[in-house]
Amino acid sequence: NIKKHIFTVEPGIKVRPFQLPDTVEGRYAYPSASGEKDEHAVGHEDLLNLLVTPAACPAGVFASIERVAFQLGFEHVAFGFQSPYPVTQPKITLFNNYSQPWQEHYSKAGYLFTDPSVIHGRKSQQPFLWSNETFASNQALWTDVQDHGIKAGWAQSSLESSGAGSLLTLCRRSESI
């Protein structure tokens, strides 16, 4: 069963065809170093194709990101996008799979504006690894995150010259990154 896809990203630029691997219980299974199928491994094509696979809506894109994040061992995913317009109050769109109580607490506490990973992501495109040191400026948030059961996280931003920006955050309950 070989499925081939070619997507045009911009005129004249194409993504090469790829072969989807076998699946194990609905998840892709890639050969491990020993040659056996590893249903938790994520192939480069999965990650690259998130960028070019057509999605019907932003929620569809988020669902694809969430699927790959789970395959990488992360339980929680958050994606935020800040539009450059209107200039006086840019629109912020957020998608995440955190529990409703955590979302409400984060919002009521105003953490979106004091979260060190968000502050870092607005200024830098360097990855942000969650730790005691990186959350030193907001120990209350770090304590709340850990009380919520999350022990490790990573964030990566993308900043555009137009003023638009986005931040992808992946986190989990176990294992530091």
Side-chain angles (χ1 to χ4, degrees), residues 3 5-10 15 18 20-21 23-30 39-86 89-130 141 144-145 148-160 162-175 177:
K3 295 181 182 177
H5 303 274
I6 299 176
F7 300 101
T8 301
V9 180
E10 292 179 22
V15 176
F18 66 94
L20 289 175
T23 60
V24 175
E25 295 179 9
R27 292 181 290 184
Y28 294 142
Y30 294 90
E39 72 264 21
H40 300 292
V42 177
H44 296 287
E45 289 87 2
D46 273 351
L47 301 175
L48 292 173
N49 285 315
L50 280 178
L51 303 174
V52 296
T53 302
C57 62
V61 173
F62 181 77
S64 296
I65 293 169
E66 184 179 39
R67 184 183 72 251
V68 171
F70 287 158
Q71 290 174 334
L72 289 169
F74 293 94
E75 293 114 353
H76 298 288
V77 180
F79 180 77
F81 174 77
Q82 180 173 314
S83 167
Y85 306 107
Q89 194 172 9
K91 181 181 177 185
I92 298 173
T93 304
L94 303 172
F95 292 92
N96 70 71
N97 67 353
Y98 295 119
S99 70
Q100 192 62 39
W102 173 249
Q103 290 180 50
E104 291 170 7
H105 178 73
Y106 188 91
S107 179
K108 284 180 185 173
Y111 284 149
L112 181 62
F113 305 102
T114 63
D115 184 330
S117 65
V118 174
I119 293 168
H120 173 83
R122 287 185 175 149
K123 299 183 290 186
S124 172
Q125 293 190 103
Q126 292 297 313
F128 183 92
L129 189 61
W130 295 11
L141 171 57
D144 284 350
V145 164
H148 184 66
I150 298 171
K151 305 298 180 205
W154 170 89
Q156 177 66 58
S157 65
S158 176
L159 304 172
E160 302 294 327
S162 67
S166 61
L167 181 67
L168 173 66
T169 301
L170 308 176
C171 58
R172 61 185 173 211
R173 297 178 181 278
S174 63
E175 295 181 45
I177 300 169

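- For the atom pair OG of Ser117 and CD of Gln156, the computed distance is 11.5 Å after rounding to the nearest 0.5 Å.
- Heavy-atom neighbours of Gln100 CD from other residues, nucleotides or ligands within 6.0 Å: above the threshold of 12.
- Side-chain atoms of His120 come within 3.5 Å of backbone atoms of Gln126 as a donor-acceptor pair (strictly under, hydrogens ignored).
- Separating the OG atom in Ser99 from the CD atom in Glu104 is a distance of 8.5 Å, to the nearest 0.5 Å.
- Looking only at side-chain heavy atoms (C-beta outward), Ile177 and Phe74 come within less than 4.5 Å of each other.
- In this structure, CD1 in Ile119 is found 10.5 Å from CZ in Phe113, a value given to the nearest 0.5 Å.
- For the pair Gln125 and Ser158, the minimum side-chain heavy-atom distance is below 4.5 Å.
- Panel note: side chain Glu75, backbone Phe70; no donor-acceptor pair is recorded below 3.5 Å.
- For the side chain to side chain donor-acceptor pair (under 3.5 Å) test, residues two or more places apart in sequence or in another chain that qualify with Asp144 are His105, Tyr111.
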Trace of the side-chain contact (heavy atoms from CB on, under 4.5 Å) decision for Val77 with Phe95: CA-CA 8 Å; Val77 180; Phe95 292 92; over 6 Å; no
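- Within the 4.5 Å cutoff, no side-chain heavy atoms of His148 are placed close to those of Pro101.
- When side chains are defined from C-beta on, Phe128 does not count as touching Ser157, because their heavy atoms never get closer than 4.5 Å.
- When side chains are defined from C-beta on, Leu168 counts as touching Ile65, because their heavy atoms get closer than 4.5 Å.
- In this structure, Ala152 and Ser174 approach most closely via the heavy-atom pair CB-O, 4.2 Å.
- With rounding to the nearest 0.5 Å, the separation of CD1 in Ile92 from CD in Gln82 is 4.5 Å.
- Taking both residues in full, the closest heavy atoms of Ala78 and Tyr98 are given as CB-CE1, 3.7 Å, listed atom of the first, atom of the second, then distance.
- Side-chain contact between Asn96 and Trp102 is absent, with no heavy atoms from C-beta onward closer than 4.5 Å.
- Pro84 approaches Ser162 most closely through the heavy-atom pair CB-O, 3.2 Å.
- Nearest heavy-atom pair, Gly80 versus Leu94, reported as atom, atom and distance to 0.1 Å: CA-CD2, 3.7 Å.
- Applying the side-chain hydrogen bond (donor to acceptor under 3.5 Å, both in side chains) test to every pair with at least one member in residues 163-172, sequence neighbours left out, gives no pairs at all.
- Summarising the geometry, atom CH2 belonging to Trp130 is positioned 9.5 Å from atom CG belonging to Leu170; distances are rounded to the nearest 0.5 Å.
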